[in-house]
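Have a look at the structure below before the remarks.
Chain letters run A, B, ... following the sequence lines, proteins first, then strands; residues in each count from 1. Bear in mind that the values here come from a model prediction, so they are computed numbers and not experimental data.
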Protein chains: 2
Amino acid sequence: MVSVDHLHHDDCTHEHHDAKAIFAEQGIRCTKPRVLIYEALCSTKSHPTAEELHQIVKDQDAGISLATIYNTLELLVDHGLARRIANRGQGSGASRYDADQAPHLHLVLNDGRVIDAPTNLSKKLTDAIPHEVLQQLAQHAGVDALKIEIVEDTAAV
Amino acid sequence: MVSVDHLHHDDCTHEHHDAKAIFAEQGIRCTKPRVLIYEALCSTKSHPTAEELHQIVKDQDAGISLATIYNTLELLVDHGLARRIANRGQGSGASRYDADQAPHLHLVLNDGRVIDAPTNLSKKLTDAIPHEVLQQLAQHAGVDALKIEIVEDTAAV
DNA sequence: TTCTACATTGAGAATGATTCTAAACCAATA
DNA sequence: TATTGGTTTAGAATCATTCTCAATGTAGAA
Ligand SMILES: [Mn+2]
Ligand SMILES: [Mn+2]
Ligand SMILES: [Zn+2]
Ligand SMILES: [Zn+2]
C-alpha cells in the first residue's frame, strides 16, 4: 500500500484516487491545486471546512490560495465528486465537505461538527422513509427531489 | 375579531397572542420591540428572515434596530417560542424564523425559501421514522436528541 | 407613585465565511 | 512550441450575524 503522505510531482502517474482520470472523465482540467485538494478531501473522514483543507494542502504547496480551495470545492460539488454540508449552529459557521461516495447519512451537530452515521443505522433510517411521500412533497415544493437530513434537536422540553 | 394591524400602546391589555402573558410565563421582560417582533412573527406563515422582520416592524416603530431583531429572535428561540431554520443554499444566506407551534415539517429549498409541509404528508413522514434508530444515533453522536429535516436534493444524476 | 438596580436597546464597528476582481499563469490541443 | 481560454492568486468586497457600550426602559421595592 502506498503512503498517502508522499509529495506529488509533475510526473506522478499513480494518483491514489485516480484524480487525473476522474477529472478527465468529468471534462475538467487537471491542475496541481485541484489534485492536492481532492486527494486531501478523499483521504479523510473528518468532513473538513475550506479553511481546514487550506491548512492541509499548504503543507504541500505553500502558495495555494484559500480562494482556490473554495473554487475547487464548488467545482467538485457541481460534478458530484463531493458533498457540501451547510452549518446549522449559531452565527455563520463554515460549511463542511465530504468526498466519500458511499451512500451514508450525516449527523449534523449544533457545535458545527458533522459525523458519519454508522452504516447499519444509516440504512435502517433510509429504508424506513416512504419514497412516495418525499416525491409528493417535492412536487408540492416544485423541485426535482428532496432528501432527509439528521440534525441535532435543541428543543426546550 | 380584532384587527392584527392596530397600534399597541402602553395600556393595551388584549395582546393577540398574549405576548405579555407568554413573556411573563417565560420570565423575560415585556418590551415594545419584543412584542412587535413576536407578534409580527406570529402573524405570518412565510418564515421571514431577520431583515424581513425588520422591514415589517419598522412600520410600527421606525427606530427599531436590526440588532434588536437578532437579539429578540435568539431570545425567542432559546425559550422555545420560535424555531430557527438555517439557510442551506450557496454562500451565506439568511436564516429564517417561525413561531408556529403546531408540529410540522419544513421543506428547505436551495434558493433560500422555506415552506410548510402539508399536514397529512408531514404526519406520514414523521410517523414513518423509527424513533429508536434516532435514539441510537443521538447516543452515537453524544447529544440529547436528533431530528429529521427535509432539504432540496441537488444530486447530479 | 417614585426610586433604583439592572436588563435592554440602538448605531455603528467588528467578525467570519464566502465571493468577486483582474492580472499573471498554465493546461490542453494542434 | 505557439496559441487560447481556463485557472490561480492576493486582496477587496459582500453579506449575515455578533459585539460594544452609552443611553434608555422595565420591574419591583419603598
Ligand atoms: Mn461522511
Ligand atoms: Mn412553518
Ligand atoms: Zn502519487
Ligand atoms: Zn392590542
Assess whether a salt bridge exists between A:E74 and A:R84, defined as any Lys/Arg side-chain N lying under 4.0 Å from an Asp/Glu carboxylate O. no
Output yes when at least one side-chain N/O atom of A:T68 is less than 4.0 Å from OP1 or OP2 of D:dT9, else no. yes
Parallel under 30°, tilted from 30 to 60°, perpendicular over 60°: which one fits the rings of A:H47 and A:H106? perpendicular
side-chain N/O A:Y70 vs C:dT18 OP1/OP2, d < 4.0 Å: yes
Exam field: side chain B:H54 to backbone B:T49, donor-acceptor pair closer than 3.5 Å: no
Without decimals, in angstroms, what is the distance between B:L76 CG and C:dT8 C1'? 14 Å
Closest to the B:P33 side chain, choosing from C:dT18, C:dG10, D:dT7: C:dG10
Residue mapping more 5' on DNA chain D - nearest nucleotide basis, B:T49 or A:T31: A:T31
Below 4.0 angstrom from OP1 or OP2 of D:dA16, is there any side-chain N or O of B:S95? no
Whole-Å gap separating P (D:dA16) and CD1 (B:I69): 15 Å
Round to a whole Å and report the spacing from CG of A:L66 to P of D:dA13. 18 Å
Whole-Å distance separating the CZ atom of A:F23 from the P atom of C:dA28: 11 Å
For B:N71 and D:dA16, what is the distance between atoms CG and P respectively, to the nearest whole Å? 18 Å
Take B:A50 and B:I28, find for each the nucleotide of DNA chain D with the closest heavy atom, and name the residue whose nucleotide sits nearer the 5' end. B:A50
Would you say CD of A:Q55 has more than 12 non-hydrogen atoms from neighbouring residues, nucleotides or ligands within 6.0 angstrom? yes
Considering heavy-atom distances to DNA chain C, does B:D61 or B:R29 have its closest nucleotide positioned more toward the 5' end? B:R29
Quickly work out the A:H54 NE2 to C:dA17 P distance and round it to whole Å. 14 Å
Nearest-Å distance for atom pair NZ/C1', residues A:K58 and D:dT8: 16 Å
So does B:E52 pair up with B:R96, basic N to acidic O under 4.0 Å? yes
Atom-pair distance (CG on B:L36; P on D:dG25), nearest Å: 14 Å
Side chain of B:I64 only, heavy atoms from C-beta on: which candidate in C:dG10, D:dA10, D:dT7 is closest? C:dG10
